[in-house]
Amino acid sequence: MKKKLYKSGNAWALLIQKAFLQLLDINPETDEVEIDIKDKVLHVKKAETSGDV
């Protein structure tokens, strides 16, 4: 799937479809995500909270 980036203030944003967030068990209203780059690939995952094991 190809996506376009969107201008957001002085940065660029990537819109993530609701279905992808559901598959990743991410609630954008309450959860934080971890972002990492490895071998020129952007990785996004749900951040662990202090209560997660």
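Atom CG of Leu23 is separated from atom NZ of Lys18 by 12.5 Å, given to the nearest 0.5 angstrom. If you take CD on Glu34 and CD on Glu48, they are separated by 6.5 Å, rounding to the nearest 0.5 Å.
Applying the salt bridge (Lys or Arg N to Asp or Glu O under 4.0 Å) definition to pairs two or more places apart or across chains, those involving residues 35-44 are Asp36-Lys38. The list of salt bridge (Lys or Arg N to Asp or Glu O under 4.0 Å) pairs with a residue in residues 20-29, not counting sequence neighbours, reads Asp25-Lys46. Residue pairs meeting the salt bridge (Lys or Arg N to Asp or Glu O under 4.0 Å) criterion with at least one partner in residues 1-17, sequence neighbours excluded, do not occur; the list is empty.
Residues Ile16 and Met1 share a single hydrophobic cluster, defined by chaining ILVMFWY side chains whose heavy atoms lie under 4.5 Å apart. The hydrophobic cluster containing Phe20 also contains Leu42, counting ILVMFWY residues as joined when their side-chain heavy atoms lie under 4.5 angstrom apart, directly or transitively. Hydrophobic clustering (ILVMFWY, side-chain heavy atoms < 4.5 Å, transitive): Leu21 and Ile35 are in one cluster. Cluster membership for Val33 and Trp12, using ILVMFWY side-chain heavy atoms within less than 4.5 angstrom, is not shared.
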